[in-house]
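Quick notes on the structure that follows.
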Amino acid sequence: MSDRDLGFLTSRPLPELSGGHDHAYYIRRMNPAPHGSNGVPVIGSAAGLRFELELQASESLEALADPFVALHEAGPQSRVLLARIADASGASLRPIALKIQRSGADPSSATNPQIDASWRNKRRSLEAARGDEVVGLFDLGGGSEPLKPVTFCKKMRCYFHPLCPSCRKGFLEDCRDDGLLRDSGLPAYSESSERYLYCPRCAAERKEGPRAFYRQAAAPHVPGREGVRIVVGAALYRDFARALSGDLAEADREFLRRHFPCFGCALRSECYPAETGGASAIPAESRLVPLSFHEFHALALEALHVHFDELMDLLGGRPWDDLRRGASEPEGRAGLLSLLDAKLSAPLPWLFRRDSTGRFPLEVLYLKLTALAQLFRGLRRWFATAGPTFSGLDASKVMAEFRAAETDWPAYWNFKVKLLDLAPGPGVVAETSRPPLRRLGLLFLRALAVHDRQDPRVVEQAAQRVLAKLADAAPSGGGPSLKEELVEQARWQLEAERDVFDSSGLLYAEADRKESPNLVPKRLWSDLLVFGLRLLSELPDFGWPASDTQAALDQGVEAMRLFVARTFVELFDAAGRNEEVRRVCQAGVGGSMTETRSESPRTA
């Protein structure tokens with residue numbers, strides 16, 4: 001499915017649930033009766049399409065502390081949930097990775113304004129870098145401002161914004177009034193990462209009685225001053241009973257009908273028993289759970305399939321079933337990967353897997369270089385559009401998707417590598433002094449030399465030994481002649497590490513490395529290893545120029561284009577072998593590979 005098929009997400013942003021919009025309208029759209037939908041009321045829907053969070057596969061969600069489906073391992077500042085775009089019939093059109101801000105205090109010691117700025121910067125960077133080699137960001141109508149808190153009922157499977165139990169006329173939101181917070185004995189919003197929900201309407205009217213604040217977890221500091229009531233966690237839902245008690249004015253009833261699904265629910269008396277009087281826990285506390293207790297930023301991203309490390313292993317011959325068994329995944333990612341089972345469990349997801357002449361290692365090299373070329377282009381685009389700062393380039397920031405093939409070409413000729421978000425998170429120092437060439441070099445050598453008997457640490461240590469010897473032996477002077485001399489010395493030093501850097505290391509399995517003939521030319525292989533060392537090195541006249549990030553990445557993209565083209569020639573054209581396969585590939589999936597404008601198979 002192409003991005004154009006979901007054009008309504010970007011060309012017609014849906015109204016945000018705030019201010020002058022009719023909250024009840026959007027919540028009804030996302031939670032139509034009966035209460036069987038799992039749509040989220042922070043976004044809305046259009047043209048019969050729905051944005052939905054996936055829920056755990058359980059007949060009774062009440063027994064689960066977290067009913068949502070995690071897509072990736074949780075981090076200290078955010079979590080990634082599996083969502084989807086569905087049509088009116090409920091059929092899934094596209095999986096979505098919903099990255100949302102955690103409600104707890106930020107462990108990085110960043111302040112709330114810094115955290116807000118970081119999320120806005122991430123969105124701006126992804127919007128600016130939008131392209132084929134950067135993960136796609138879908139505009140679902142929230143914009144760059146934080147979304148209102150969202151509560152989910154596990155019993156009825158519906159969502160709503162937590163309302164103020166006292167006035168029944170507004171919704172709870174994070175208090176950003178530093179003066180009010182200080183006056184209440186609480187930390188200022190602008191000076192900490194702690195947050196408190198409150199009702200701005202009640203605060204403005206300054207009604208009699210204790211001033212109520214709500215927070216997700218108990219605070220380690222003094223819990224407010226006299227006349228201030230701090231409500232922690234699920235006790236918020238106990239407070240909802242107050243909104244249902246007493247004689248209600250018609251205006252209150254109308255507000256509750258429109259915005260509080262518990263008001264008209266058949267289980268209302270069961271969830272909010274009158275005899276408790278608010279002194280003890282009630283069933284509602286176990287049935288209601290926050291998607292986000294506080295206001296939250298969210299990024300709706302393409303749900304990509306495999307990480308960079310996994311892609312390199314698969315292209316190198318690791319069986320798909322072996323990877324699936326060995327991976328410890330959250331439920332959401334396991335479900336996402338299961339969609340690829342039929343495609344990637346096929347007997348021959350390569351062209352030359354059973355070839356006896358040695359073309360399989362060449363095919364693996366070609367596919368890995370194609371993936372690396374896409375990564376180089378993604379980095380160039382990021383730095384050209386999103387700005388010079390970045391953070392944490394490693395294998396976790398690179399993923400790939402396997403696209404639906406329009407022909408019967410093997411599965412491993414239909415991938416696309418994409419760069420994830422590189423914008424610095426809150427409290428993270430951005431890297432600006434040197435382009436990410438060293439980290440890129442580690443990924444480059446990892447693709448060529450890591451396999452089932454050799455991990456990335458061994459490869460990096462071997463590369464550092466070569467570079468250390470090169471630095472010790474480097475003569476004084478400079479210029480082209482010194483550069484050529486250093487390159488030749490690097491080739492010689494690499495020979496001493498041939499057990500680590502043998503071209504058979506392209507193949508994942510030990511049996512394949514021992515049994516497969518290998519047609520990878522020695523000169524091409526040597527050139528690739530030297531290129532990887534130059535990315536790692538800061539040695540003058542040998543290391544890749546680091547003074548101009550954009551120029552360095554431009555050179556890297558061009559170098560990768562040439563490497564991919566050379567490998568393509570060796571795979572299909574060298575000595576006139578397999579001319580028929582070459583002709584078919586040129587007419588089909590490989591037609592653009594030898595052109596300057598593209599270096600990849602159907603993935604370009």
Side-chain angles (χ1 to χ4, degrees), residues 307-318 361-362 364-369 371-373 375-376 392-398 434-475 483-514 516 518 520-544 546 552 556 559-560 563 567:
H307 297 285
F308 178 83
D309 288 341
E310 295 170 329
L311 178 65
M312 294 302 104
D313 290 347
L314 290 171
L315 296 181
R318 184 179 185 182
L362 264 176
V364 169
L365 177 60
Y366 174 73
L367 294 174
K368 287 187 174 184
L369 291 178
L372 288 164
L375 171 57
F376 271 75
L393 174 63
D394 55 35
S396 69
K397 293 299 181 71
V398 186
R434 175 177 167 81
L437 299 181
R438 183 180 183 280
R439 298 185 181 189
L440 195 53
L442 292 175
L443 294 178
F444 185 90
L445 292 177
R446 185 262 176 262
L448 301 186
V450 170
H451 48 70
D452 64 344
R453 294 292 184 269
Q454 187 162 274
D455 62 31
R457 188 166 178 266
V458 171
V459 175
E460 181 178 0
Q461 289 174 342
Q464 293 301 335
R465 287 195 295 270
V466 171
L467 291 174
K469 293 176 182 178
L470 198 62
D472 290 341
K483 178 179 178 179
E484 293 174 3
E485 182 178 344
L486 290 173
V487 167
E488 290 307 312
Q489 286 190 23
R491 295 186 198 278
W492 183 78
Q493 294 293 347
L494 283 165
E495 278 296 310
E497 299 285 351
R498 57 183 174 273
D499 289 344
V500 176
F501 292 116
D502 188 83
S503 61
S504 65
L506 285 164
L507 305 183
Y508 176 80
E510 185 176 23
D512 285 339
R513 294 192 298 276
K514 290 180 177 179
S516 296
N518 194 327
V520 176
K522 290 185 178 180
R523 183 67 182 194
L524 172 60
W525 185 247
S526 178
D527 288 347
L528 288 167
L529 294 177
V530 169
F531 177 76
L533 289 176
R534 291 188 62 208
L535 290 172
L536 288 176
S537 175
E538 296 185 23
L539 187 65
D541 296 304
F542 180 75
W544 208 261
M560 290 306 304
F563 281 135
T567 309

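Numbers here are sequence positions counted from 1.
- Atom CG in L440 sits 5.5 Å away from atom CG in L375 (nearest 0.5 Å).
- Across every non-hydrogen atom of L486 and P540, the tightest pair is CD1-O, 3.8 Å.
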Item checked: Worked verdict on M312 versus R318 for side chain to side chain contact (heavy atoms under 4.5 Å, CB included) -> CA-CA 9 Å; M312 294 302 104; R318 184 179 185 182; over 6 Å; no
Note to self: As a quick check of understanding, evaluate salt bridge (Lys or Arg N to Asp or Glu O under 4.0 Å) for R438 and E460, giving each step before the final call.
What the structure shows: CA-CA 11 Å; R438 183 180 183 280; E460 181 178 0; 2.9 Å; yes
Item checked: Residues L467, L536; criterion side chain to side chain contact (heavy atoms under 4.5 Å, CB included); working and verdict -> CA-CA 9 Å; L467 291 174; L536 288 176; 3.8 Å; yes
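- Using a 4.5 Å cut-off on side-chain heavy atoms (C-beta onward), D502 and W525 make no contact.
- Judged purely by atom type and a 3.5 angstrom limit, D455 uses its side chain to pair as donor or acceptor with the backbone of V458.
- Contact detail for A395 and F308: the closest heavy-atom pair is O-CB, 3.7 Å.
- Using a 4.5 Å heavy-atom cutoff, the side chains of F444 and M560 are in contact.
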Next item on the list: Check the pair V364, Y508 against side chain to side chain contact (heavy atoms under 4.5 Å, CB included), reporting the backbone distance first and the verdict last.
Entry: CA-CA 10 Å; V364 169; Y508 176 80; over 6 Å; no
Item checked: Derivation of the salt bridge (Lys or Arg N to Asp or Glu O under 4.0 Å) call for K514 and E510 -> CA-CA 6 Å; K514 290 180 177 179; E510 185 176 23; 3.5 Å; yes
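- In this structure, A463 and L445 approach most closely via the heavy-atom pair CB-CD1, 3.9 Å.
- Ring to ring, F531 and W544 are close: their centroids are under 6.0 angstrom apart.
- No salt bridge links D313 with K368; every basic N to acidic carboxylate O contact stays at or beyond 4.0 Å.
- Side-chain atoms of S516 come within 3.5 Å of backbone N or O of D512 as a donor-acceptor pair.
- Residues satisfying the side-chain contact (heavy atoms from CB on, under 4.5 Å) test with T567, not counting sequence neighbours, are L362, L365, Y366, L369, L524.
- The closest side-chain heavy-atom distance from L448 to L528 is below 4.5 Å.
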Next item on the list: Check the pair L507, H451 against side chain to side chain contact (heavy atoms under 4.5 Å, CB included), reporting the backbone distance first and the verdict last.
Entry: CA-CA 7 Å; L507 305 183; H451 48 70; over 6 Å; no
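- Ionic pairing of E488 and R491 is present here: one or more N-O contacts between side-chain nitrogen and carboxylate oxygen are shorter than 4.0 angstrom.
- R534 approaches F542 most closely through the heavy-atom pair NE-O, 2.7 Å.
- Taking both residues in full, the closest heavy atoms of N518 and S503 are given as ND2-OG, 3.3 Å, listed atom of the first, atom of the second, then distance.
- Using a 4.0 Å cut-off between charged nitrogen and carboxylate oxygen, D309 and R446 count as a salt-bridge pair.
- Atom NZ of K469 sits about 13.0 Å away from atom CD of Q464, to the nearest 0.5 Å.
- One N or O on the side chain of E310 and one on the backbone of H307 form a donor-acceptor pair closer than 3.5 Å.
- Within the model, atoms CG of L529 and CD of E495 stand 9.5 Å from one another, a figure rounded to the nearest 0.5 Å.
- Closest heavy-atom contact between L443 and L372: O-CD2, 4.2 Å.
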